[in-house]
Amino acid sequence: MYVIARKSVLVSLLATFSLLLWAEGGAAPAPAPAGAKRDAVSVRLPSAAFAAMETIDPEHIRWHVRYLSHDLLEGRGTGQRGGDIAAEYMATQFAEYGLKPAGDNGSYLQKVPLVGITTLPETRFSLVPKQGGAMHLKALDEYVAYDQTQQPESDVDAEIVYVGYGIEAPEYDWDDYKGTDVRGKVLLMLVNEPPSDDPKFFKGKALTYYGRWTYKYEEAARKGALGVILIHREDMASYPWEVVRNSNSGEKSYLKLDGPALKVASWVQLDVAKKLAAASGMDLEKMMADARTREFRPVNLGAKLKVHMVSKVRNFESNNVLAMLPGSNRKSKDEAVMYTAHYDHLGFRPDMPGDNIYNGAADNATGCGILLELARSFSVAKQNPGRSIIFAAVTAEEQGLLGSEYLGKHPPIPAGKIALDLNYDDVQPIGAPEEVEVSGAERTTFYPWVQATAKEFRLAIRPDPRPEAGHFYRSDHFSLARVGIPSFSINEGMKYKGHDEAWGIARDKEYVQNRYHQPSDEYRPEMNFVGDAAMARFGFALGWEAASFSKLLGWQKGDEFESARIKSQ
């Protein structure tokens, strides 16, 4: 139960907060009337929550972003000194707010065991077709590859089998493998998934996890394959070869091995795949067309992959940072709502001339600033919400969502008791938003409350502009969704107060081209954190509401994560 203040106090709070938030691009949800039913679609917060939410301050977020993106933290690299300093900073702030530690052994830190793999120049990668000579490929220009077995040396001399999209999805009556024994083989496959406009078939234009390269590696390893060669085509991957090249150069981190893995996890340029197909007496365009049908069956190319993988292997630890605000309801305080943001970035490159520190101000010091301000505002509430609130700053997101993957597998309370995860990642500090993006929220039973809250805040919900790119699978909420927790990220849309949509789109494009994953993503005094504060308030209202329901939330019937939710409970 929540203590409701006198009407005069509530009116005063509402007036004050409405004026404040209106100036920042949104409207305030009204406080709840006495006796309001918490499971009704309403976002009227109790007075304790309302007052706490009002304390969210854009300048507090600015201070955190300024510090976390300072050169002294050297880009917050995973397994680097700057990353460890950032983790300690987050832990210290949680302690300052009076939150309970939720990490290992009564601490705020959850150790994440990692292995860094660097593919060395001594590696040799050759395609040997049945006709003509061997194709000796050039690293980074024609192929990229890592040894996921985490061994210093591995050798592969195996037949190449084309398996189309490499997907086995019984719920869509789709099986590219058709029972073929692929143990000891190397699998050539396409990125993405069969194209469709039918929302009942691989969700139409929206990419499912079956289309992600991570799934394809995982499924091949489960079936006993030695390696995978992904064919890169820009329109199918949704990004150019330069992204593949940059993401697969230097050290790549993995969680310590706890299952089957590939000796060769690789990509090749489209032209390389065309030459291999031609030398094998086949046409790649026809192969790709054949893969779009249910009748497709795997094809042995009669070619081989010969590889000598040489890797530098580094074992190390990084940390997730976990804190908890205990719930006030004796029946539901052992359940929780979770907020997440990754604190890591790309570190620094000592061999690079000029500015070699990847400060990561927007990505993701902003998300950390929001997470810390949410933690502080919850901590000052006169009454805690019914369920507990978990705040998690995770590591190694830039390495492939590894910190959140570990958190999902080792949550501080069972995944089945976590009502919701709300994630923040790369929230641009450029002004007052009039839109919010919550892609994936529509897949949860919580969506009516998300819609109602957006309406109260005068925020239009902006649909995912590129569902085919699979953005839902590229941020930390996905790791929590995989273990069944209803999860999605909160971010601004493209329409900002005082500007048209084109202005927001242009700013986003400029950021991606000139600062995203570059040393120029730095803190600047002219940054405007009003929008970050608005997103924090929006998430505060959602989290408090989810923490107040009589029942836990779930996924919509038939969603790909529904079975994981059922299994976890």
Side-chain angles (χ1 to χ4, degrees), residues 29 37-43 171 199-200 202-204 206-210 212 332 335-341 374 385-390 392 401 404 407-408 411 413-425 435-457 459-464 467 470-491 493 535 538-569:
K37 186 178 179 182
R38 303 309 302 159
D39 286 5
V41 180
S42 169
V43 291
E171 68 270 36
K200 295 182 179 179
F202 289 100
K203 296 190 180 296
L207 189 73
T208 72
Y209 188 55
Y210 290 117
R212 294 285 290 140
S332 60
E335 300 170 347
V337 167
M338 180 182 287
Y339 291 94
T340 52
L374 281 166
R387 289 186 174 87
S388 298
I389 307 293
I390 296 171
L401 315 182
S404 57
L407 175 63
I413 66 172
K417 291 189 175 185
I418 299 177
L420 179 70
D421 172 60
L422 298 174
N423 184 61
Y424 288 92
D425 191 358
E435 294 180 328
V436 64
E437 287 190 12
V438 286
S439 299
E442 74 283 355
R443 301 168 62 166
T444 73
T445 58
F446 191 49
Y447 193 53
W449 285 267
V450 177
Q451 291 176 303
T453 305
K455 185 177 181 180
E456 289 286 348
F457 275 82
L459 293 167
I461 294 179
R462 184 180 181 87
D464 187 347
H471 291 124
F472 182 85
Y473 306 97
R474 299 183 185 184
S475 198
D476 286 308
H477 63 259
F478 170 56
S479 297
L480 287 312
R482 292 188 76 177
V483 297
I485 300 169
S487 309
F488 56 91
S489 287
I490 295 172
N491 213 325
M535 293 299 100
F538 180 71
F540 183 103
L542 290 179
W544 194 289
E545 191 71 23
S548 306
F549 287 172
S550 62
K551 296 180 181 179
L552 288 166
L553 302 168
W555 295 93
Q556 295 287 353
K557 187 174 178 57
D559 191 87
E560 64 185 294
F561 303 114
E562 181 192 23
S563 60
R565 185 60 164 173
I566 294 171
K567 184 179 178 181
S568 71
Q569 293 177 325

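Numbers for residues simply follow the sequence, beginning at 1. What you are looking at is a predicted structure, and each value in this text was computed from that prediction instead of being measured. Values below: every heavy atom of this structure, side chains too, minus hydrogens, waters and symmetry copies.
Every residue two or more places apart in sequence or in another chain was checked for a side-chain hydrogen bond (donor to acceptor under 3.5 Å, both in side chains) with S388, and none qualifies. Taking E171 as the reference, nothing meets the salt bridge (charged side-chain N to carboxylate O under 4.0 Å, His left out) condition, with sequence neighbours excluded. Not counting sequence neighbours, the partners of E335 by the side-chain hydrogen bond (donor to acceptor under 3.5 Å, both in side chains) test are R387. The ring pair (Phe, Tyr, Trp, His ring centres under 6.0 Å) search around F488 returns none, not counting sequence neighbours. Under the side-chain hydrogen bond (donor to acceptor under 3.5 Å, both in side chains) criterion, Y424 pairs with no residue, sequence neighbours left out. Under the side-chain hydrogen bond (donor to acceptor under 3.5 Å, both in side chains) criterion, E435 pairs with R462, not counting sequence neighbours. Under the side chain to side chain contact (heavy atoms under 4.5 Å, CB included) criterion, A546 pairs with V337, L420, F446, L553, sequence neighbours left out. Judged as a side chain to side chain contact (heavy atoms under 4.5 Å, CB included), and not counting sequence neighbours, the contacts of S439 are D464. Applying the side chain to side chain contact (heavy atoms under 4.5 Å, CB included) criterion to Q556, with sequence neighbours excluded, gives no partner residue. Among residues two or more places apart in sequence or in another chain, the side chain to side chain contact (heavy atoms under 4.5 Å, CB included) test is passed with I390 by M324, A336, M338, P412, I413. Scanning for ring pair (Phe, Tyr, Trp, His ring centres under 6.0 Å) contacts around F540 gives F378, W544, with sequence neighbours left out.
For E442 (side chain) and G440 (main-chain N/O), a donor-acceptor pair under 3.5 Å exists by modelled atom type. For the pair H477 (side chain) and D421 (backbone), a donor-acceptor distance under 3.5 Å is absent. A donor-acceptor pair is defined here as one N or O able to donate and one able to accept, closer than 3.5 Å; such a pair exists between the side chain of W555 and the backbone of G484.
The side-chain heavy atoms of F549 and T445, taken from C-beta on, include no pair separated by under 4.5 Å. Looking only at side-chain heavy atoms (C-beta outward), L374 and I389 stay at 4.5 Å or farther from each other. F561 places none of its side-chain heavy atoms less than 4.5 Å from the side chain of I485.
Note on residues 470-487: pairs passing salt bridge (Lys or Arg N to Asp or Glu O under 4.0 Å), not counting sequence neighbours, are E218-R482.
Taking CD of E456 as the reference point, atom CH2 of W449 lies at 14.5 Å (rounded to 0.5 Å). With values rounded to the nearest 0.5 angstrom, N423 atom CG is found 12.0 Å from Y339 atom OH.
Within the cation-pi definition used here (under 6.0 Å to the ring centroid, within 45° of the axis), R212 does not qualify as a partner of F478.
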Subject >> side chain to side chain contact (heavy atoms under 4.5 Å, CB included) evaluation trace for D425 with N491 >> reply: CA-CA 7 Å; D425 191 358; N491 213 325; 5.7 Å; no
Subject >> Candidate pair D559 and K203, rule side chain to side chain contact (heavy atoms under 4.5 Å, CB included), full reasoning >> reply: CA-CA 10 Å; D559 191 87; K203 296 190 180 296; 4.0 Å; yes
